[in-house]
Each structure stands twice: as C-alpha cells, then as structure tokens.
There are 2 protein chains.
Amino acid sequence: MAGLTIKDIARICNVSISTVSRAINNDRGINSQTRERVLQVAKQFGYVPNNSARNLKMAESNTIALMCKGMDNPFFQGMYPYFQQELEKYNYEFLLHSMPEEIDEGYEAEEIAKEKRLKGMIFLGGRLDYPEAVLGNIQVPFVLCSVASAVSVNMTNMNVSSVSIDDEKEAYKVVRYLIRMGHRRIAIIAGKKHDHTVASLRESGYRRAINESGLELDPELIRYLDDSIPEYTEANGYATMKKLLESGTDFTAVFVISDRMATGAYKAIYDSGRKIPRDISVVGFDGIELSRYLYPSLTTVVQPVRKMVKSSVELLRAQIMGDDTKKHLIYDAELSEADSVRSLL
Amino acid sequence: MAGLTIKDIARICNVSISTVSRAINNDRGINSQTRERVLQVAKQFGYVPNNSARNLKMAESNTIALMCKGMDNPFFQGMYPYFQQELEKYNYEFLLHSMPEEIDEGYEAEEIAKEKRLKGMIFLGGRLDYPEAVLGNIQVPFVLCSVASAVSVNMTNMNVSSVSIDDEKEAYKVVRYLIRMGHRRIAIIAGKKHDHTVASLRESGYRRAINESGLELDPELIRYLDDSIPEYTEANGYATMKKLLESGTDFTAVFVISDRMATGAYKAIYDSGRKIPRDISVVGFDGIELSRYLYPSLTTVVQPVRKMVKSSVELLRAQIMGDDTKKHLIYDAELSEADSVRSLL
DNA sequence: ATCCTGATTGGAAACGTTTCCTATCAGAAC
DNA sequence: GTTCTGATAGGAAACGTTTCCAATCAGGAT
C-alpha cells in the first residue's frame, strides 16, 4: 500500500531523484555502476513507477483502445488474445471499448481519445463509410482493422491506415468455387441491406460471381437478415435460413457471409430434416476456430487473423513513433475446403 | 491537441482554479450559479479532465483489470461484453489482462495491481487453490469470478469475495440426470488430473453421482486431457473423445466438463460414424451460446453468466467503497435439456 | 455600530515524475 | 599550474489536478 517513490529510492541510494529517474529510464548521462546500483535497490525494495505521474509529465498515457463494434462476435473475440500479446510487446495497455450498434454523425471517437488520453486507437469492425465526424477529428494515431477494404471503398485518400482482406474478392472466389463444384442455384445469407459493413462487400462478390458465370441473380436466393433479431448472430442465421428453406425456393448451396451465422444456418438445415452436404452445401466466411468443429466441418474463407492483428499493431506503433505514411494492407484469405460442400459433378 | 486545462477554464470564467475544480466535481461549498456558469463554459470549450493528473493527486486510477486465465475460452469471452457494460456504470476503465497458463508461487498479481495503479481486480477462471503468494499480497479490492466454489474449497477464510456456481453439485445433478434417463455406462471427459480448476470439482460431482447410484466407477470411463494439446480446447475435446471411442470401452453417454470441449467431442463422435444421441448421449457444461446451435443442440448446464458478472462487479464496487465484508455468492445453474441425450427407458 | 456566522471563494501545497540547466570533478592539453 | 572538456550528478520547475486553509463578505444578532 505504501508505494515507494523515486524519492525513496534516491534516499536509499544516496543519490538525487534525477539520477534515479535516469537509471530507471535507461537514459544516458549516468554512470553505469550507479545505474546498476539504483536498479538493484529499486528491484529489491519492489519499486514500481507511478504511471499517472509519468503520464502527466509526459502528457500522454500508454493506453491503446480497441474500439470494437460487436464485441460478442466470435471472430473478433478470437483476436483479443492476439491483440493482448502484440500490444504487450510495446508495453501498451489494452483497453477494450465497445461501440454502439448504430454509429452515425453524433458519435465522436475523438472524445473518447481525449478523455482517456489514449495513445492510439484500433477500430475493429464497423462501417466502411464512417461519417467524417466519427473518424475525421481523431487526433491520435489510429488504424482500422478488418473493417475496410481500400480496394472497394474510397478510403485511400482518408488520413488513415488500415488492415483488411479484400472481402469482395474473397466472396467472389468462394462462390466461384461453388460453381466449379457444379452448383447452379446458390443462395446467400447476406447482411442487413445497405448497412455499410464488410457484409455488403461479400454480397457484391457473390453477385459478381453469379453474374460472370451467366447464372441468374434470383432475388429469392438473396436473403437479408431479420431486423427483429440482433444482427449477425447465430440466432439471425438460424431465422434467415429457416425462412429461406420454408420459402420452397430451390437451391443446392448457400453462402453464409459469416461463420457465426453459418452456425445458426446449420441448425436450421438440420432441423428441417435436411443434411449437409447431401441436400445443401454450405460455405461460410471468417474461419473462426469453431468452423473446424461443426459437423460436417465448414468450408470457409479463413482470414489471416494473426497476421492482421500483428500488422494493425505494428502500423499503429509506427504512427505513434512518428511515421505518417498511411498504409493500407490487404491480406489474402484462404479457402479452407472442408466437408460441408458436395460436388455435383 | 491543445488540451484545455482547468486553469484555462478558470481564466475564462474569471474564477479560481479551485472553484472550477469544485464545479466539475460537483463538490459542495460552491454557489450553484457559479457552478452552472463554469460547467457551461467547460462544455462549450470542450474541456476534458486529465485523468493522469487526477489519478496522481488521488493516488489511484479508475481502472479495473479483468485477470483472465484462458482468455480464448468462449465461456469467458461471452462475459466480456457484460463486464464492459457493468463497469461502465461506475465509469471504470476495463483492462483485459491474461494470466499465464501456469500460475504458481512466482506469479504475483499484486505487482500488476501496483504497476497499473489498479482500483480493483476481477479474477476470471484459474485455480481454486491459488498459492498464497499469488493472491495473498494483493492490496486492492478483488473478487474471484467463476473460479471457486466456496462450498468445496476452503476459501471462506481467505480475505476475498467470490462469485461462482457450485460446480460439484451441478455436475452431480447432470450426471444424475443421465442416470435417470436410463444410462448406466457413463463416461466423462474430465480436465487435467489435479489441476485445481473447476474441472476437478465437476469430476468430483461425476464420481459422487456414479457412486451414490451404485454404479461402477470404471477408470476406463474417466478420461483426462491430452497433455500435448492446449488444455480445455475443442481440439483437446476431440482428441480425448477419439481415444475414448477407439479404446473400445462400452458406454452410452458421456459428460464433457465444458461445452467448448463438447464441441470437439461432437466432431469426434460424428467422425467415428456414430450418431448423437442415437449411439451416444452427450451433456456439456457452461451453457455457451453455441451449445444451442450445435446439432443436435447440446444438453448442458447453463451458468447464469449475466448475474454472475453483475454480482462480481457489484461486490467489487462495494469493496472499493469501503465495505469489507467478504461475500461468497453461489448461484444455481440450470440444466438445459436439449437434443443430445436419449432416454434409454 | 460591532460582532459573529455561514456561505462562498482564492491561494498554495502536494501528488511522483521528467528534464532543462547548473555544478562538480577528473583528466587531457596547453 | 592553468584551462578546457566530457562525464556525471544535483536542483528545481513543470505537468493538471485536489484539497486544506485562509480570506472575504453579507446579513443577523447583539
């Protein structure tokens, strides 16, 4: 409780507080013997620097906030440990902050940055088209992770770095894959209509694949989420799939734009008495750990989560250290072929 | 970037900084008109208090750390949003901190508390028998959440509050349920042998249920985790179940001590060509969201997560506010009967 | 008119650092 | 011996608050 201060250590070592400060911060301009002695004493007496004082003096904190929209999303949750790990490397604090479902003009991230004296922010998920007001005023370094594909969205000229995959392309690829496997009537469980998240990019990929293959873009096959259920949840995947099945529309495969929703879709299919992939082939998106343990294991687009997190933190770090070149990293995802797709050839 | 200070506001309002401070903190001993005027100006100019300075002066921060062992566990992950929500009520920061797999004498949580100037800590998961050194020296309020059943473990006389369920009892109940359904050869996928987590309590419950029912405690039916695979993961559930199946031991039901592992076990069962619940009945433990979306939906013990989180935070809050009565809350869990158990009657 | 009281306000110290500016000192160069 | 130099150390201000203490003042009691 007592809490030793730099002053105590100074007294014990019979040196000035400036010297102790220099020793602890590994500053130069101090005799290495003195430093050793001070450090030794500090350790022995269990001295711990007071971050508040340090931050006050240095006019900043050491905290990075992870601004998360939909923090109950298993895809994001799978990232937390990685963020923790990467941020730890630089001795950053990790503040988890959830953003409201609806982010509009009224939401100003900068207020939070100021209030918490953040050193940086990482936005995880959220809108592709953040209103100018939301991001435009942020005065601390920040990066967008898994939110924007600079390819598809006009974000390259915003003063911001990002790490993502090319959602449109990957969705395109996975639907093409279904077509190669002989499927012709392919449904999609898409996101909310026009909600400006990656979901809409994935839907675009689907549309392009269908179009380019000369198949029919049947509106009956394109299903948007149920507005009355929390978005992008298992429950919503279940409900939407159920409606699709009950509509009597004919199809042999379905692309569910997230693994989480695919989990719900699986159940709806089973509950209807159908079998995967015998009656319906399913592909997901994200590559959450669970996808390998569903039965049958889910064919899905695996995002390189580890790399994305690492890069996000590195990009942020670079910005904090003064590098002001804005980068947009776009990683390739990988189609993981599992047992949920049947070949019709 | 500038960052207005209390001093600026004072100058603008033509009052002293003490007055501004009083206005902002809603202190008494200030004319209400003055207060209104100051607050109005502060707001207008976008003043944000500097927490570092405040914390320095007040000799504390406003941060609560969630000390999490196994932060990739979906059961815990499901709790994060709730913690966020509850802590927000008191304006606490939410610091997510993962603890190492192996927690022994060498690990001192107090160091972290000191370093980060924590206001409180919540331990999520971890050992039932934390070595004295780990918890014994902690000088800030803390509570254990979902780690200890005060009923089973001699923790009542430690200076600590806790929130949990009675893991032994709940496990007992779920195994009794299997027995009522006519099962006689009931296997268990337990935890690591003697690892002092809730897993061992759940195993005890299993043993008692089997014993009391006059059934045989066949060592062949009691399976511990594979040491070569990360503990308590889907992968480990899969591997352990696979071994059990391949051993040729006869059984009609299996109690998997966590839903996460049950997910892996499901897959192992399917992969072996068996069906749930036709060939093998399965029950899990925890009640993670996913359990309802497995196929067939998993019969499991649902922990009252929402309530547990709320109580943890409230208990912590009470301690912070000076209440030093240590409480041990033990909630009832609920058996959620789903489709993974077949009646043999 | 004087004194006292309570309400309101201002002044200043303190929290634990970092860092600029000086001071000291040993040895090298003269 | 004197002067300069570089290395090392100490002193003190400053960061933005909170809070104790003293000061002011209006109005009621004397």
Side-chain angles (χ1 to χ4, degrees), chain A residues 1-39 41-42 45-63 91 93 113-119, chain B residues 1-39 41-42 45-63 91 93 113-119 139-140:
Chain A
M1 179 110 303
L4 282 191
T5 77
I6 214 178
K7 212 181 271 179
D8 300 311
I9 305 298
R11 197 165 24 72
I12 297 171
C13 292
N14 211 14
V15 296
S16 74
I17 58 172
S18 347
T19 301
V20 177
S21 174
R22 278 188 277 259
I24 287 165
N25 292 6
N26 233 322
D27 277 358
R28 59 207 183 75
I30 180 177
N31 184 288
S32 56
Q33 282 182 28
T34 322
R35 163 183 294 135
E36 285 316 315
R37 189 160 50 91
V38 171
L39 287 183
V41 169
F45 284 78
Y47 165 78
V48 186
N50 181 320
N51 272 320
S52 298
R54 180 175 283 175
N55 292 339
L56 172 58
K57 184 60 193 168
M58 313 276 275
E60 59 175 349
S61 79
N62 218 28
T63 311
N91 245 310
E93 305 290 337
K114 253 201 206 154
E115 198 172 334
K116 319 244 190 225
R117 249 77 190 173
L118 297 178
K119 190 161 209 155
Chain B
M1 177 113 300
L4 282 192
T5 76
I6 213 176
K7 211 181 271 179
D8 300 310
I9 304 298
R11 196 165 24 72
I12 297 172
C13 293
N14 212 13
V15 296
S16 74
I17 58 172
S18 345
T19 302
V20 177
S21 174
R22 279 187 276 257
I24 287 166
N25 293 6
N26 233 320
D27 277 358
R28 59 207 184 76
I30 180 178
N31 183 289
S32 55
Q33 281 181 29
T34 323
R35 163 183 294 134
E36 285 316 316
R37 190 160 51 93
V38 172
L39 287 182
V41 169
F45 285 78
Y47 164 80
V48 186
N50 182 321
N51 272 320
S52 297
R54 179 175 284 175
N55 292 340
L56 171 58
K57 184 59 192 173
M58 314 276 278
E60 59 175 349
S61 78
N62 218 28
T63 311
N91 245 310
E93 305 291 335
K114 255 201 207 154
E115 197 172 335
K116 318 245 191 224
R117 249 79 193 171
L118 296 178
K119 190 161 209 158
Q139 303 289 342
V140 298

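Below, read A as the first sequence line, B as the second, and so on, with proteins coming before strands; counting in each chain starts at 1.
Formation of a donor-acceptor pair under 3.5 Å by the B/Asn25 side chain with backbone atoms of B/Asp27 is not found in this model. Between the side chain of A/Arg35 and the backbone N or O of A/Ile30 there is no donor-acceptor pair closer than 3.5 Å.
Regarding A/Ile30, its CD1 atom lies at a distance of 9 Å from the C1' atom of D/dA9, rounded to whole Å. Protein atom CZ of A/Arg11 is 12 Å distant from nucleotide atom P of C/dG16, rounded to whole Å. Following rounding to the nearest Å, A/Asn51 (CG) and D/dC15 (C1') show an atom-to-atom distance of 15 Å. Atom CG in B/Asn55 sits about 19 Å away from atom P in D/dC15, given to the nearest Å. For the pair B/Arg35 CZ and C/dT9 C1', the interatomic distance rounds to 14 Å; values are reported in whole Å. One can place CZ of B/Arg28 at 13 Å from P of C/dG6, the figure rounded to the nearest angstrom.
Of the two residues near DNA chain C, A/Leu56 and B/Ser32, the one whose nearest nucleotide lies more 5' is B/Ser32.
Note that CG of A/Asn31 and CD of A/Glu36 are 10.0 Å apart. Values are rounded to the nearest 0.5 Å.
Nearest heavy atoms, A/Val41 versus A/Ile9: CG1-CG2, 4.3 Å.
With sequence neighbours excluded, the residues satisfying side chain to side chain contact (heavy atoms under 4.5 Å, CB included) with A/Asn55 are A/Asn51, A/Ser61, B/Ser52. Residues meeting the side chain to side chain contact (heavy atoms under 4.5 Å, CB included) test with B/Ile17, sequence neighbours left out: B/Ile6, B/Lys7, B/Ala10.
Residue B/Thr34 is in sugar-phosphate contact alone, with no base atom involved, counting any heavy-atom pair closer than 4.0 Å across all strands shown.
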- prompt: Tell me, for nucleotides 17-25 of chain C in 5' to 3' order, what letter each nucleotide earns: B for a base near a protein heavy atom under 4.0 Å, S for only sugar-phosphate near one, - for neither?
  reply: BBBB-----

